[in-house]
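Note that the numbering runs from 1 along the sequence shown for the chain.
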Amino acid sequence: MIKILTDNTNGLYEKAAGAAFEALGLSGDAEVELVFADKDEIRELNLRTRGKDAVTDVLSYPMLGEIKPFTQENYPADYDGETECVTLGSIVICDAVATEQAEEFGHSVERERAYLFLHGLLHLLGYDHIEENDRAAMREKEELILNSLKITRGNE
């Protein structure tokens with residue numbers, strides 16, 4: 001099970017996280033902090049944490065190294081006794097950029113938000129897209145998970 005820590009949710013992110021856990025064969029209990037930022041906030045965060053002075057759609061800040069079952073025994077330093085979950089890290093989404101990209105790509109804002117969340121979640125779980133083969137593998141996982149939720153391109 002995965003918990004999403006945010007004030008701005010309609011169940012979309014919990015469903016996406018659950019589908020990701022299932023598709024990736026993950027086990028245990030984990031939590032993710034989800035933050036929404038405006039363009040100025042995400043640009044400042046991108047500059048401060050990555051040295052890139054640009055607005056972006058999503059940023060991820062992983063807490064873990066190796067991924068294994070999410071239990072207190074496996075992650076004693078990252079286990080939150082209050083929520084009884086392992087903290088995976090934080091995802092920051094710029095909702096204004098998500099809205100713009102949804103229009104640009106011709107699909108719903110819900111699909112773009114779910115995609116950005118999953119993209120960030122996969123980064124928290126150790127995926128990256130530096131090399132072309134890694135990018136392809138990450139994109140395949142994103143699409144597999146979105147399709148399992150019936151959130152496909154062109155969905156409204």
* Asked: In chain order, what residues pass the ring pair (Phe, Tyr, Trp, His ring centres under 6.0 Å) check against Tyr115, with sequence neighbours excluded?
  -> His119
* **Check ion pair Lys141-Glu22 (N to O, under 4.0 angstrom)** => no
* Taking side chain as C-beta onward, heavy atoms only, is Asp29 less than 4.5 Å from Glu84? -> no
* Glu142 and Arg139 ion-paired at < 4.0 Å -> yes
* Hey, could you give me each pair passing ring-ring contact (aromatic ring centres under 6.0 Å, His included) that has a residue in residues 75-103? Not counting sequence neighbours. => Phe70-Tyr75
* To do: Count the heavy atoms belonging to other residues, nucleotides or ligands that lie under 6.0 Å from NZ of Lys68, then report whether that count exceeds 12.
  => yes
* Has the side chain of Glu103 got a donor or acceptor atom that lies under 3.5 Å from a matching backbone atom of Glu100? -> no
* **Which atom of Phe117 lies closest to which atom of Ala16, heavy atoms considered** => CD2-CB, 3.9 Å
* To do: Dump the intermediate steps for side chain to side chain contact (heavy atoms under 4.5 Å, CB included) on Leu64 and Val86, then the final yes or no.
  => CA-CA 9 Å; Leu64 308 177; Val86 174; 4.1 Å; yes
* Structure fact -> CD (Glu31) and OG1 (Thr83) are apart, to the nearest 0.5 Å, by 3.5 Å
* Asked: From Leu34 CG over to Ile93 CD1, what is the distance, rounded to the nearest 0.5 angstrom?
  -> 5.0 Å
* **Note, Leu12 side chain near Leu149 side chain (heavy atom, < 4.5 Å)** => no
* Asked: What pairs with Thr99 under side chain to side chain donor-acceptor pair (under 3.5 Å), at least two apart in sequence or on another chain?
  -> none
* Asked: What is the distance from atom SG of Cys85 to atom CD of Gln72, rounded to the nearest 0.5 Å?
  -> 11.5 Å
* Is the shortest heavy-atom distance from the side chain of Leu121 to the side chain of Leu88 under 4.5 Å? -> yes
* For the residue pair Ile145 and Ala19, what are the closest heavy atoms and their distance? -> CG2-CB, 3.8 Å
* Structure fact -> For Pro69 and Asn74, the nearest pair of non-hydrogen atoms, with its separation, is O-ND2, 2.8 Å
* Asked: For Ala20 and Leu118, which heavy atoms make the closest approach, and how far apart are they?
  -> CB-CD2, 3.9 Å
* Asked: Where the side chain of Asn46 meets the backbone of Ala54, is there a donor-acceptor pair that is under 3.5 Å apart?
  -> yes
* Asked: Can you name the closest pair of heavy atoms from Cys94 and Thr56 and give their distance?
  -> CB-O, 3.5 Å
* To do: Show your reasoning for whether side chain to side chain contact (heavy atoms under 4.5 Å, CB included) applies to Val58 and His123.
  => CA-CA 11 Å; Val58 63; His123 278 305; over 6 Å; no
* Asked: Which value, rounded to the nearest 0.5 Å, describes the distance between Asp57 atom CG and Ile42 atom CD1?
  -> 7.0 Å
* Asked: Out of curiosity, Asp95 CG to Glu112 CD, how far, rounded to the nearest 0.5 Å?
  -> 10.0 Å
* **Point-to-point distance, once rounded to the nearest 0.5 Å, from CD of Glu44 to OG1 of Thr49** => 9.0 Å
* Asked: For Arg113 and Val109, what are the C-alpha separation, side-chain angles and deciding distance, and is it a side chain to side chain contact (heavy atoms under 4.5 Å, CB included)?
  -> CA-CA 6 Å; Arg113 288 176 181 146; Val109 174; 3.2 Å; yes
* To do: Search all heavy atoms of Ala23 against all heavy atoms of Leu144 and return the closest pair with its distance.
  => CB-CD2, 4.1 Å
* **Check: Arg43 and Asp53 side chains under 4.5 Å, non-hydrogen atoms** => yes
* Just wondering, are more than 12 heavy atoms of other shown residues or ligands nearer than 6.0 Å to CD in Glu132? -> yes
* Asked: Step by step, would you call Leu24 with Tyr127 a side chain to side chain contact (heavy atoms under 4.5 Å, CB included)?
  -> CA-CA 12 Å; Leu24 300 172; Tyr127 288 81; 3.4 Å; yes
* To do: Determine whether Tyr61 and Val35 make a side-chain contact, defined as any pair of heavy atoms from C-beta on separated by less than 4.5 Å.
  => no
